Amino acid sequence: MSHPEALRERAWTARAGAFASDLLAGLSAHPKRLPSKYFYDERGSALFERICALPEYYPTRTEMALLRTHAAEIGKLMGPGATLVEFGAGALKKVEVLLDALGRPRAYVPIDISMDFLRAMAGELRKRRPGLEVHPVAADFTNALALPVIGDGEHRVGFFPGSTIGNLEPEEAIGFLRHAATLLRGGGMLVGVDLVKDPAILHAAYNDSAGVTEAFNKNILERANSELGADFDADGFSHYAFYAPTHRRIEMHLVSRAHQTVHVLGRRFEFSEGETIHTENSRKYTVEDFSAVARRSGFVPARNWVDADRLFSLHWLEAAAD
Ligand code: AVJ
C-alpha cells in the first residue's frame, strides 16, 4: 500500500469521506446546514478569488492596503529568519507583502484545505521566489495539526488574513487560537479581522451585483453532485445573505424555491418551500472584542492597525514562550 497511487487514493477517500459525512449530518439537522469550509474545492477557491476583486467586497483590498502601509513595522515585529506559517493560504497573494518585509524568512508554510489549489499556487510562488523554501501543508486547520520542523532554533510566526477567523463562532475561534498559540509558542501571529460597520456596506459585500457570491454559495451543491453523485438542482435554491446584528454576523443561506426531494449517497432529503440550508457565518468584531477573544486564547494582543474608514483591522498577537 505504499504505492503513491494508493496513498493518493487513500487521501482522496479520507477527504471525500469527511465531506460525505458532514453533508449527511448537515442535511439531517434542523435547520439544515453545511460547514463553509466545503466551499473550497478548486472551483470554489477560484470563485472566492473573483469575490476578492469585486467592487462591493471591501475586505481584500482594505487588508492589502493595511499590509502594504504597515509592512515594515510588521516585519520588525515578526523578526528576521522566521518561518512564516499561513492558515487558509488560498492564492498566496497577500503573503508576498510580508515576505518582502521579513528579513530572510527561513521558510514559508502555507496551509490550505484545497490540496490541488494549494499545490498549483505553491508551484507558482516557487517560480516567483526561487530562493524561498516553501512547505505546503494540505489540511483543515480547524483540526489539530502538526507543522513540519524546518530545523533547530526555529522561530515560527503565523499569518491568518482575510477574516477567515470570522467563519468560526467566537467559542470555536478561541479553540483554534489556543491551538495556534501552542504551535507558535515564543512567536506571534498576524490576524486580519473584519469590523462591525454600517449593515448596508456588509449587505452589499455578500450580495454583489455580478452574482459571484451566489455562484460561490451554490458551488457547494455542485460539488456534492460531482464528488458524491448527489442530485441537487442549484437553480432550485436562492442565494440569501443578510447581516444579523444581534449575532454580529453575516449569515449565508440557500433557500429552497419549492418543495423538492434530493438524493445523496442513497438517502432522500425533503425540502419544503422556503426551507434553508445555512452555509456560512461570517463574524464581525470590534477591535476591543477581538482583543478580548485573543486574550482568552493565550495570546497577548500587542498592536493593531485599522484603516481610516474603520472597515478592517490587523492584529499582532504575541504567543508567550511557555
Ligand atoms: C473567506 C470567510 C473571509 O466571510 O467574507 C466571501 C468568505 N463568503 N463572500 C467572508 C465569503 C462570501 C469570506 N471569508
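Every number for a ligand or one of its atoms is a count from 1 in the order of the listing. This is a predicted model, so every value here is computed, not measured.
In terms of protein heavy-atom proximity, atom 13 (C) of ligand 1 is closest to Tyr57 OH, 3.3 Å.
Contacts between Phe39 and ligand 1 below 4.0 angstrom, taking non-hydrogen atoms only, are absent altogether. When heavy-atom distances to ligand 1 are checked against a 4.0 Å cut-off, Tyr40 comes that close only through its side chain, counted from C-beta outward.
Between Gly162 and ligand 1 there is a heavy-atom distance shorter than 4.0 Å. Look at Gly166 and you'll find every heavy atom at least 4.0 Å from all atoms of ligand 1.
In this structure, the ring of Tyr108 has its center no less than 6.0 angstrom from the ring center of His135.
Side chain to side chain, Ser256 and Glu273 fail the donor-acceptor criterion of an N or O pair below 3.5 Å.
At under 3.5 Å, a nitrogen or oxygen of Ser282, whether backbone or side chain, sits near a nitrogen or oxygen of ligand 1.
Note that Arg248 lies outside the cation-pi zone of Tyr285, set by a 6.0 Å cut-off to the ring centre and a 45° limit from the axis. Remark: Lys218 fails to qualify as a cation-pi partner of Phe237 under the 6.0 Å distance and 45° angle criteria applied to the six-membered ring.
Taking every non-hydrogen atom of Ser163 and a distance limit under 4.0 Å, the qualifying atoms of ligand 1 come out as 3 (C). Per-residue contacts place Asn167 under 4.0 angstrom from the following atoms of ligand 1 (heavy atoms of the residue considered): 2 (C).
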